[in-house]
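Everything quoted here is computed from the prediction, not taken from an experiment.
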Amino acid sequence: MAAARAPFDLRFDSGRLCLDLLATGGGRLGEEPVERLTGPERLRAWLLGAGVVPPGTPLGGVDAGWLGRFHAARELLQRVVHTEVDGRAADADLERVNALAAIAPPAVLAVRAGDGTLVRTVAAAPDCDALVGRVARDAVELLTDPVARGQLRRCAGETCSLVYLDTSRGRRRRWCSSEVCGNRERVARHRRRAVGGPGRG
């Protein structure tokens, strides 16, 4: 049985890079928001885990300034994605996303590893703007692709505010994560049955 996920674990199960950034904050409605990007080290771990940069990319320049920029980008993308799921994002917010997306991404090169296989690396240590731009570009691609946009779902968990891409067969995925919100719902259902059980029959 898989170990339960801690509430502050980084998550990479939304189906898109930009949605994985949104999953680093927010979380449960009606409660104090969860903050998973709590410092530069956590941001480095997210950048590598989400595949924003290839493994082994030097990220020594990540500091509190980078963290603030990613928090601001996340807040902007949160507004845009959620309002687009429900209807239509404000033009001013879309202009800001487009401005971020227009920044050139870090150049990625193919190089030989020690065993002769090709691996990805960046031509130079990436700067913050380039990496924020990569995430914003993913949001632009998501929101302008009718198929992908049609797969956007809001988690059915009663207290969850996360958005994910439903690529499941039959488009029947209900939760941002079966391990988190799905498990919470199954436990709640089991408790309701257990409470109602003795009075039956």
- Query: Closest approach of V97 and V140, non-hydrogen atoms and distance?
  - Reply: CG1-CG2, 3.8 Å

- Query: Can you find a heavy atom in the side chain of D138 that is under 4.5 Å from one in the side chain of R16?
  - Reply: yes

- For side-chain contact (heavy atoms from CB on, under 4.5 Å), just list the numbers for F70 and V132, CA-CA rounded to whole Å, side-chain angles, deciding distance to a tenth of an Å, and then say yes or no. CA-CA 7 Å; F70 270 89; V132 169; 3.6 Å; yes

- Taking R173 for its side chain and W175 for its backbone only, find out whether a donor-acceptor pair lies under 3.5 Å. yes

- Closest heavy-atom pair and its distance - A148, L165: O-CD1, 3.2 Å

- Same apolar cluster (I L V M F W Y, side chains within < 4.5 Å links), L59/L43: yes

- Query: What heavy-atom pair brings P106 and V122 nearest, and what distance separates the two atoms?
  - Reply: CB-CG1, 4.2 Å

- Is L142 reachable from F12 through a run of hydrophobic residues whose side-chain heavy atoms are each under 4.5 Å from the next? yes

- Donor-acceptor pair, T121 side chain versus L109 backbone, under 3.5 Å? no

- Salt-bridge criterion met for R171 and D166 (N-O under 4.0 Å): no

- Query: Is there side-chain contact between P54 and V119, with heavy atoms separated by less than 4.5 Å?
  - Reply: no

- Note on the structure: For A23 and L162 the tightest heavy-atom approach is CA-CD2, 3.9 Å

- Close side-chain approach of R174 to R153, heavy-atom, < 4.5 Å: no

- R42 side chain to R36 main-chain N or O, any donor-acceptor pair under 3.5 Å? yes

- Task: Determine, step by step, whether C176 and R11 satisfy the side-chain contact (heavy atoms from CB on, under 4.5 Å) criterion, reporting the C-alpha distance in whole Å, the side-chain angles of both residues, the deciding distance to 0.1 Å, and the verdict.
- Result: CA-CA 10 Å; C176 63; R11 296 184 52 183; 3.3 Å; yes

- Task: Measure the CG-CD1 distance between L131 and I103 for me, rounded to the nearest 0.5 Å.
- Result: 10.5 Å

- Query: Between P105 and R137, which heavy-atom pair has the shortest distance, and what is it?
  - Reply: CB-NH1, 3.6 Å

- Item | SB check E84 R79 (cutoff 4.0 Å) | no

- Is V80 reachable from Y164 through a run of hydrophobic residues whose side-chain heavy atoms are each under 4.5 Å from the next? no

- Query: Can you find a side-chain donor-acceptor pair between H71 and E75 that sits under 3.5 Å?
  - Reply: no

- Among side-chain atoms of R88 and T83, is any donor-acceptor pair under 3.5 angstrom? no

- Item | Straight-line distance of T144 OG1 to R149 CZ, nearest 0.5 Å | 9.0 Å

- Identify the two heavy atoms, one from L17 and one from A50, that lie closest to each other, and give their separation to 0.1 Å. CD1-CB, 3.8 Å

- Message: Checking W66 against L47 for the side-chain contact (heavy atoms from CB on, under 4.5 Å) test, could you report, in this order, the C-alpha distance in whole Å, the side-chain angles of both residues, the deciding distance, and whether it holds?
- Response: CA-CA 11 Å; W66 283 48; L47 290 168; 4.3 Å; yes

- Could you check Q151 against T167 for side-chain contact (heavy atoms from CB on, under 4.5 Å), going step by step and ending with a plain yes or no? CA-CA 7 Å; Q151 296 170 341; T167 57; 3.7 Å; yes

- Between L22 and L77, is any pair of side-chain heavy atoms under 4.5 Å apart? yes

- Any side-chain heavy atom of W46 within less than 4.5 Å of one from T24? yes

- Note on the structure: Taken in chain and number order and not counting sequence neighbours, the residues that satisfy side chain to side chain contact (heavy atoms under 4.5 Å, CB included) with R169 are none

- Would you check if V135 and L100 make a side-chain contact, meaning some heavy-atom pair closer than 4.5 Å? no

- Task: Please check if the side chain of D145 supplies one atom and the backbone of E141 the other of a donor-acceptor pair under 3.5 Å.
- Result: no

